[in-house]
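Each chain gets a letter, A, B and so on, in the order the sequences are listed, and its residues count up from 1.
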2 protein chains.
Amino acid sequence: MEQTARMSESISRRPGRPLGGQLVVDREHVLDAAERVIRRDGAGSSLEAVAVEAGVTKPIVYDRVGGRADLADALAERLSDRMVLATRTALAGETLSQMGLTRFIEANLRTVADNRELFLYVTGGSTEQTALGRLSLAERSTTPLTKTLAVWRSSIQQDPGVAEAWAFGIVGMLQMVSQWWITQDDRSAEEVAGQISELLWNGLPGRT
Amino acid sequence: MEQTARMSESISRRPGRPLGGQLVVDREHVLDAAERVIRRDGAGSSLEAVAVEAGVTKPIVYDRVGGRADLADALAERLSDRMVLATRTALAGETLSQMGLTRFIEANLRTVADNRELFLYVTGGSTEQTALGRLSLAERSTTPLTKTLAVWRSSIQQDPGVAEAWAFGIVGMLQMVSQWWITQDDRSAEEVAGQISELLWNGLPGRT
DNA sequence: CCCGTTACTTACTGCTGGTAACTTTTCGCA
DNA sequence: TGCGAAAAGTTACCAGCAGTAAGTAACGGG
């Protein structure tokens, strides 16, 4: 009676091979569910809750996306994709202006704000393995940034290692500023973006 | 027989009020033990292991330092103290030079390398509460940096909010660069420090 | 001499990540 | 047509961890 599938009638929650031999609940479905749960319950969400939201049981989650570290990694990829998408227009031009940089940072902040809990889930790695997993989000965001940097500044082309270090540094700066910014509401995104842009563009001593 | 205290003979591991009514195992003792455990077993160390290493039981740990979040916070304070101490000489002068900035960053990197596991433990917040707890390390490192920044650049004095944003940004940059740097050993601290210093000093476009 | 306080331990709960083993359905093939 | 193999999922479990309640031994003041 009340033990029938409650979540979604379209997916089969009972064992056995489905018609056509195709997976009813695929990886994307589980990741969507994970996002909903995290958005609703916060960054401390469990895999169990994700499974329930997806309308399946835990082993399915492990089969589709792997363990907790893999889930965080997959969600990091989603978030970084949104980051890249949101900031793409700001980095579009051939040459970079301070205005463009500011808009890049502001878009970054807004994307974090729009995905607050997801951001905290992804950046808040749990174990020692996942602590390094934060680099995963960084690396993904870093790749396009590295290319852009190489275009901007000729000196980077002479020493390619610089671009990588800079990209990680900038991503780290943006992550920390984002984390600090979303915990307080008395500053606008424009204001903070302008301040960070000023630092990254003109350097600590400023233009003389 | 073999159930006697095995760890340290000087501390009393049996219940009852000790002589003189003074605590035998104080907060610092527990924090020292926590550091040893984390250094030995990595960032995934449990409170149970900390208690064993300290020669006491778990409730003692909770009484002395609180829960896991409090432990991470206390260790973050220790680490940031070491950071400040190691970088103090680099920031000593009245005016800042790029060389001084480079040495500041390099000292930062070396301190992280010397406290690798501790750094990963502190920055790798576990739950959603502790995710914001990474700000704790940042804020502690930020405070002296903010003061220094205010001295360096007059424009900051006009808008005090800038210093805070910059300090968080710089700390985030250093944390991410550290995390990236300690996972690969084909770059020297000097090299990376010089590259990040160049970015922070001259800005993205560089000095023309 | 004894009782309250202090300091500590034992023993537990609740939850989470992860996995082994079992069940049900479908499909391929004789 | 019937039957075994494979696929898809569930149930039921384990180990480990954070955190806590309740019990116990030693000291000190009246």
At under 4.0 Å, does any side-chain N or O of Arg64(A) touch on OP1 or OP2 of dA8(D)?
-> no
Round to a whole Å and report the spacing from CZ of Arg68(A) to P of dC15(C).
-> 16 Å
Expressed in angstrom and rounded to an integer, what is the separation of Asp63(B) atom CG from dT20(D) atom C1'?
-> 13 Å
What nucleotide, of dT9(C), dG17(C), dG19(D), holds the atom closest to the side chain of Ser46(A)?
-> dG17(C)
Measure from OH on Tyr62(B) to P on dT9(C) and round the result to the nearest Å.
-> 15 Å
Which of the following nucleotides, dG9(D), dC17(D), dC8(C), is nearest to the side chain of Ile60(B)?
-> dC8(C)
Give the rounded distance in Å between these two atoms: CD of Glu48(B) and P of dC12(C).
-> 15 Å
Here the distance between atom P of dT19(C) and atom CG of Leu47(A), to the nearest Å, is 11 Å
Winner on side-chain proximity to Pro59(B), out of dG19(D), dA20(C), dT10(C), is dT10(C)
Heavy-atom nearest pair, Ala193(B) first then Leu109(B), reads N-CD1, 4.1 Å
Among dG17(C), dG19(D), dT11(D), find the nucleotide with the atom closest to the side chain of Lys58(B).
-> dG19(D)
Separation of atom OH in Tyr121(A) from atom P in dT16(C), rounded to whole Å | 12 Å
Out of Glu53(A), Glu117(A), Glu35(A), which one pairs with Arg40(A) under the side chain to side chain donor-acceptor pair (under 3.5 Å) rule?
-> Glu53(A)
So does Arg88(B) have more than 12 non-hydrogen atoms from other groups sitting under 6.0 Å from CZ?
-> no
In this structure, which one of Asn115(A), Asp32(A), Val122(A) forms a side chain to side chain contact (heavy atoms under 4.5 Å, CB included) with Arg78(A)?
-> Asp32(A)
